[in-house]
Structure formats: structure tokens, C-alpha cells
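Quick notes on the structure that follows.
Heavy-atom basis, side chains included; hydrogens, waters and symmetry copies ignored. Just so it is clear, the structure is predicted and the values come from calculations on it, not from any experiment.
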Amino acid sequence: MIEFVRNVRLWFAPEEIRREGGTPDYRFSLANERTFLAWLRTAMALVGGGFAVDQFLPDLRWAWRVGLALALLAAGVLCSLRAVNHWVACERAMRRGEDLPVSRFPALLSVVVAVVALAMVVVVLVGWEG
């Protein structure tokens with residue numbers, strides 16, 4: 001948790017990251033940035049999916065609609081925060097010549113998306129008004 005708090009400070013102070021270790025091969029930094037952008041695209045898709053569930057399924061029971069929408073929106077928020085935190089952690093590790101950090105977040109996100117998808121399958125099979 002302390003490392004996360006330190007990284008949050010570094011989100012807005014990239015010049016401090018440059019003070020650590022040596023400059024990595026620019027191709028690795030660019031790959032790290034592409035991965036960051038892919039996570040942001042995923043976050044935006046999750047947020048869009050959350051709004052779509054809420055706006056385009058008005059006949060769905062309120063609890064189902066709000067629950068599914070909030071699960072997707074929360075996953076989008078977590079995904080965007082994870083993206084920037086992981087970018088900083090990877091950039092620091094590359095500069096210091098350390099192993100890249102590992103994360104359980106992709107597995108957690110996959111489980112959340114799978115649960116929402118299964119709930120949507122139930123909604124489609126049972127009908128909108130359940």
C-alpha cells in the first residue's frame with residue numbers, strides 16, 4: 001500500500017521518475033506506454049458498457065440494471081487507476097534494472113467481466129422482467 005501511495009505522487013511528477021536509475025531503451029518505454037493506453041481503452045469500454053446497460057435496458061429490473069451498470073463502471077474506474085499505477089511501477093522498474101512488477105488485477109478484472117457477462121446471459125434467457 002505504501003508503494004501505491006508513492007506511485008500516486010509520481011503520477012503527477014514524471015520528472016522524478018527520470019531521476020531513478022538509467023534511461024531504458026526507448027522501445028521498452030514506448031511498449032509500456034502502449035500497454036498503458038490499452039488499459040485505458042479497456043477502462044473506457046467498461047465505462048461505456050456500464051452506461052449502455054443503464055440507458056438501453058430500461059425494462060430490466062432496477063436492481064439488475066443498476067447492479068450490472070455499477071459493476072462495469074467500478075471495473076472501468078479501477079482499470080484506469082491500475083493503468084497509470086502500473087505504468088509508473090513498470091517505468092521505475094525498467095530504469096532501476098529490476099524485474100517488472102506482477103499483478104493480480106488482470107485476473108480480478110477477468111472474473112468481474114465474466115460474472116457480469118454470465119448475469120447478462122441469465123437476463124437474456126430469463127427475459128427482461130425476470
Value rounded to 0.5 Å, distance of CG in Asn85 from CZ in Phe105: 10.5 Å
Nearest-0.5 Å distance that lies between atom CD in Glu91 and atom CG in Asn7: 11.5 Å
Would you check, one step at a time, whether the test side-chain contact (heavy atoms from CB on, under 4.5 Å) holds for Leu78 with Val112? CA-CA 11 Å; Leu78 290 174; Val112 168; over 6 Å; no
Do Phe12 and Leu40 land in one hydrophobic cluster if side-chain heavy atoms of ILVMFWY residues count as linked below 4.5 Å? yes
Quick check on the hydrophobic clustering: are Trp64 and Val66 connected, directly or via other members, by side-chain heavy-atom contacts under 4.5 Å? no
Going only through I, L, V, M, F, W and Y residues with side-chain contacts under 4.5 Å, is there a path from Val113 to Val122? yes
Not counting sequence neighbours, list each pair that qualifies as a salt bridge (charged side-chain N to carboxylate O under 4.0 Å, His left out) and has a residue in residues 64-73. Asp54-Arg65
Carefully, step by step, assess Trp11 and Val88 under the rule side-chain contact (heavy atoms from CB on, under 4.5 Å). CA-CA 7 Å; Trp11 293 358; Val88 167; 3.7 Å; yes
List the atom of Gly76, the atom of Ala43, and the distance in Å for their closest heavy-atom pair. O-CB, 3.4 Å
Can we say Arg95 and Glu20 salt-bridge, meaning some charged N sits less than 4.0 Å from an Asp/Glu carboxylate O? no
Establish whether Ile17 and Phe36 are linked, either directly or via other cluster members, by ILVMFWY side-chain heavy-atom contacts under 4.5 Å. yes
Does the side chain of Leu109 reach to within under 4.5 Å of the side chain of Trp39, using non-hydrogen atoms? yes
Is the CZ atom of Arg96 crowded by more than 12 outside heavy atoms at less than 6.0 Å? yes
Would a single hydrophobic cluster contain both Tyr26 and Met94, if residues Ile, Leu, Val, Met, Phe, Trp and Tyr are joined by side-chain heavy-atom contacts under 4.5 Å? no
Rounding to 0.5 Å, atoms CH2 (Trp87) and CG (Leu10) come to a distance of 9.0 Å
What is the minimum heavy-atom distance between Cys90 and Asn32, and which atoms define it? CB-OD1, 3.4 Å
Atom CZ of Arg104 with >12 non-hydrogen neighbours under 6.0 angstrom: no
Using 0.5 Å steps for rounding, measure from the NE2 atom of His86 to the CG atom of Leu100. 7.0 Å
Please report the C-alpha distance between Leu57 and Met120 in whole Å, then the side-chain angles of each, then the deciding distance to 0.1 Å, and finally whether the side-chain contact (heavy atoms from CB on, under 4.5 Å) criterion is met. CA-CA 11 Å; Leu57 299 176; Met120 290 302 296; 3.7 Å; yes
Does Val53 reach the side chain of Val116, with side-chain heavy atoms less than 4.5 Å apart? no
State, to 0.1 Å, how close Ser29 and Pro24 come at their nearest heavy-atom pair, and which atoms those are. OG-CG, 3.6 Å
Closest non-hydrogen atoms of Gly50 and Ala69, given as atom of the first, atom of the second and distance, are O-CB, 3.3 Å
If you round to the nearest 0.5 Å, how far is SG of Cys79 from CG of Leu72? 11.5 Å
With a sphere of 6.0 Å drawn around CG of Asp25, does it hold more than 12 non-hydrogen atoms of other residues, nucleotides or ligands? yes
